[in-house]
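Below is one structure, written out as structure tokens, with a few remarks after it.
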Amino acid sequence: MTSLHGLFVPMITPFTADGALAPAALEAHAHRVLDAGATGLVALGTTAEPSALTAGERAEVLDRCAAVCAERDVPLIVCAGGNATAESVRAVGALRHPVAAVLAVVPYYVRPSEEGVVAHFTALAAAAPAPLLVYDVPYRTARPLSGDTLVRLAGIPNIAGFKHSVGGVDAASVELMARAGSTTTVLCGDDRFASALLALGARGGILAAANVAPAEYAGLIAAWLADDAARGRALGHRLDALGAALFAEPNPTVVKAVLAEQGLIPSAAVRLPLLPAAPESTALALRAAASAAVAPV
């Protein structure tokens with residue numbers, strides 16, 4: 001199985017100033033983050049604004065990300081599925097690109113029982129054409145999971161691990177790492193808590209802030225994977241202000257504003273119900289990005 005260790009960048013979807021898809025800018029950005037040290041890409045995650053894209057646009061985003069990953073011989077993770085099990089099984093089974101893993105969110109809004117979550121992922125894992133990553137993000141799903149449930153999910157065949165995004169490092173996080181960290185792959189999904197989870201044994205991250213600072217986040221992960229705790233702590237502290245600034249408004253509004261100001265994408269445009277980042281949020285994030293910049297590892 002392809003290694004899922006390292007930095008995976010959840011790709012933004014660049015738009016032109018009039019709101020149209022900018023596929024060439026997407027490809028250029030993908031190459032840019034890989035050149036800076038990212039291990040691979042994540043297509044159609046939350047950061048990509050997938051719910052605001054048409055079916056044709058989602059297909060083109062996936063095609064472009066898959067083409068870059070094939071050209072660079074790097075792993076691609078694709079986000080698929082939703083809160084209905086049958087439709088999620090269909091979506092996962094319909095993936096037509098070779099992928100290293102499928103990222104599937106814990107069912108949201110309907111708030112199933114934890115037994116229901118286990119049954120949902122058992123069905124998805126059986127249908128998935130590639131290893132499954134459980135996207136545990138309770139502040140979006142309203143369905144927190146206990147340590148026991150996380151460990152049970154880790155033991156399901158074809159579940160490779162987790163994107164762990166619980167808004168901190170809680171008791172369930174510690175229990176997951178203590179009981180299953182040696183047999184499953186945990187990728188941190190909360191940018192400000194990445195260093196802490198890496199210190200507990202996470203093997204990498206899916207980090208939206210790495211769209212802005214890919215070399216720095218790649219260096220953070222490399223330091224912890226090399227057991228260089230001193231460098232890992234220092235980089236984590238240095239990146240904290242950037243992580244806070246980029247999430248001062250709903251993701252990916254500030255990320256896109258910064259990249260547009262830097263001339264790396266055509267515009268800062270997002271689609272409703274998101275609104276463009278406020279100028280003061282953009283200015284703060286630009287200053288944080290400049291302060292966080294370090295030489296690549």
Next item on the list: Check Gly201 against Met177 and note the closest heavy-atom contact, atom names and distance.
Entry: C-CE, 3.3 Å
Checklist line | Any side-chain heavy-atom pair of Lys163 and Asp136 under 4.5 Å | finding: no
Note to self: Please check this pair: side chain of Ser165 against backbone of Tyr135, looking for a donor-acceptor N/O pair closer than 3.5 Å.
What the structure shows: no
Next item on the list: Report yes or no: do Ser146 and Thr149 form a side-chain donor-acceptor pair below 3.5 Å?
Entry: yes
Item checked: Side chains of Val169 and Leu200 in contact at under 4.5 Å (non-hydrogen atoms) -> yes
Margin query: Nearest 0.5 angstrom please: Trp224 CH2 to Arg203 CZ, how far?
Written below: 12.5 Å
Item checked: Separation between SG of Cys79 and CZ of Arg58, rounded to the nearest 0.5 Å -> 11.5 Å
Checklist line | 4.5 Å side-chain heavy-atom contact, Arg179 and Leu150 | finding: no
Margin query: Within the structure provided, determine whether Pro107 and Val105 are in side-chain contact (heavy-atom separation under 4.5 Å).
Written below: no
Notebook entry, point to check: Does the pair Asp190 and Arg192 meet the rule for a side-chain contact (heavy atoms from CB on, under 4.5 Å), with working shown?
Noted result: CA-CA 6 Å; Asp190 288 307; Arg192 294 190 71 184; over 6 Å; no
Checklist line | Partner of Thr47 by side-chain contact (heavy atoms from CB on, under 4.5 Å), out of Thr13, Val42, Asn251, Val255 | finding: Asn251
Check: Rounded to the nearest 0.5 Å, what separation is found between the CG atom of Asp240 and the OG atom of Ser195?
Finding: 9.5 Å
Note to self: Do Asp148 and Leu145 make a side-chain contact, defined as non-hydrogen atoms from C-beta onward lying under 4.5 Å apart?
What the structure shows: no
Checklist line | Non-hydrogen atoms of Leu274 and Pro252 that approach each other most closely | finding: CD1-CD, 3.8 Å
Next item on the list: Would you confirm whether Ser281, through its side chain, and Ala277, through its main-chain N or O, come within 3.5 Å as a donor-acceptor pair?
Entry: no
Check: Are the side chain of Asn158 and the backbone N or O of Ala125 linked by a donor-acceptor pair below 3.5 Å?
Finding: yes
Item checked: Joint cluster assignment, Leu34 & Val212, ILVMFWY side-chain distance < 4.5 Å -> yes
Check: Judged by atom type as modelled, is there a donor-acceptor pair below 3.5 Å linking the side chain of Thr122 to the main-chain atoms of Val118?
Finding: yes
Note to self: For Ala278, is there any backbone N or O sitting under 3.5 Å from a side-chain donor or acceptor partner on Glu249?
What the structure shows: yes
Checklist line | Flag side-chain contact, heavy atom, 4.5 Å: Ile159 against Phe121 | finding: yes
Note to self: Applying a strict under-4.5 Å side-chain criterion to I, L, V, M, F, W and Y, I'd like to know whether Val270 and Ile265 cluster together.
What the structure shows: no
Check: Which heavy atom of Gly6 sits nearest a heavy atom of Thr39, and at what distance?
Finding: CA-OG1, 3.4 Å
Note to self: With a 6.0 Å cut-off (strictly less than), is the heavy-atom count around CZ of Arg271, excluding the residue itself, greater than 12?
What the structure shows: yes
Check: Taking it one step at a time, do Val137 and Val106 satisfy side-chain contact (heavy atoms from CB on, under 4.5 Å)?
Finding: CA-CA 7 Å; Val137 55; Val106 170; over 6 Å; no
Next item on the list: Report yes or no: is the cationic atom of Arg143 (NZ for Lys, CZ for Arg) under 6.0 Å from the centre of the six-membered ring of Tyr108, at an angle within 45° of the ring normal?
Entry: no
Notebook entry, point to check: Are Tyr139 and Leu103 in one and the same hydrophobic cluster, where Ile, Leu, Val, Met, Phe, Trp and Tyr link if side-chain heavy atoms are under 4.5 Å apart?
Noted result: yes
Notebook entry, point to check: More than 12 heavy atoms of other residues, nucleotides or ligands under 6.0 Å from CZ of Arg152: is that the case?
Noted result: no
Next item on the list: Would you confirm whether Asn83, through its side chain, and Tyr109, through its main-chain N or O, come within 3.5 Å as a donor-acceptor pair?
Entry: no
Notebook entry, point to check: Can you tell if the side chain of Glu216 reaches within under 4.5 Å of the side chain of Leu235, non-hydrogen atoms only?
Noted result: no
Check: At what distance, to the nearest 0.5 angstrom, does CZ of Phe15 lie from OG of Ser267?
Finding: 8.5 Å
Checklist line | Reported CG-to-CD1 distance for the pair Leu7 and Ile206, which is rounded to 0.5 angstrom | finding: 9.5 Å
Next item on the list: Evaluate the side-chain contact (heavy atoms from CB on, under 4.5 Å) criterion for residues Leu220 and Arg238: first the C-alpha distance (whole Å), next the side-chain angles of each, then the deciding distance (0.1 Å), finally the verdict.
Entry: CA-CA 10 Å; Leu220 172 71; Arg238 189 164 186 165; over 6 Å; no
Check: If every non-hydrogen atom of Val9 is compared with every non-hydrogen atom of Ala210, which pair is closest and at what distance?
Finding: CG2-CB, 4.0 Å
Notebook entry, point to check: Rounded to the nearest 0.5 Å, how far does CG of Leu41 lie from CZ of Arg72?
Noted result: 9.0 Å
Next item on the list: Could you tell me which non-hydrogen atom of Leu187 sits nearest to which non-hydrogen atom of Leu4, and how far apart they are?
Entry: CD2-O, 3.2 Å
Check: So, the side chain of Glu57 versus the backbone of Thr54: is there a donor-acceptor pair under 3.5 Å, distance only?
Finding: yes
Check: Between Arg96 and Asp63, is the closest basic N to carboxylate O distance under 4.0 Å?
Finding: yes
Note to self: Any side-chain to backbone donor/acceptor pair from Thr184 onto Gly181? Under 3.5 Å, distance only.
What the structure shows: no
Margin query: Among Val166, Leu197, Ile221, which residue satisfies the side-chain contact (heavy atoms from CB on, under 4.5 Å) criterion with Cys188?
Written below: Leu197
Note to self: Side chains of Leu62 and Leu76, heavy atoms from C-beta outward: is any pair under 4.5 Å?
What the structure shows: yes
Margin query: Quick check: closest heavy atoms across Pro23 and Arg64, and the distance to 0.1 Å?
Written below: CB-CZ, 3.4 Å
Notebook entry, point to check: Does one hydrophobic cluster hold both Leu275 and Ile12, with members joined at side-chain heavy-atom distances below 4.5 Å?
Noted result: no
Margin query: I'd like to know if Lys256 and Glu261 make a salt bridge, using a cut-off of under 4.0 Å between side-chain N and carboxylate O.
Written below: no
Note to self: When you group the ILVMFWY residues by side-chain heavy-atom contacts below 4.5 Å and let the links chain together, are Leu259 and Leu21 in the same group?
What the structure shows: yes
Next item on the list: Would you please test Val102 and Leu95 for side-chain contact (heavy atoms from CB on, under 4.5 Å) and show each step?
Entry: CA-CA 9 Å; Val102 178; Leu95 288 172; 3.5 Å; yes
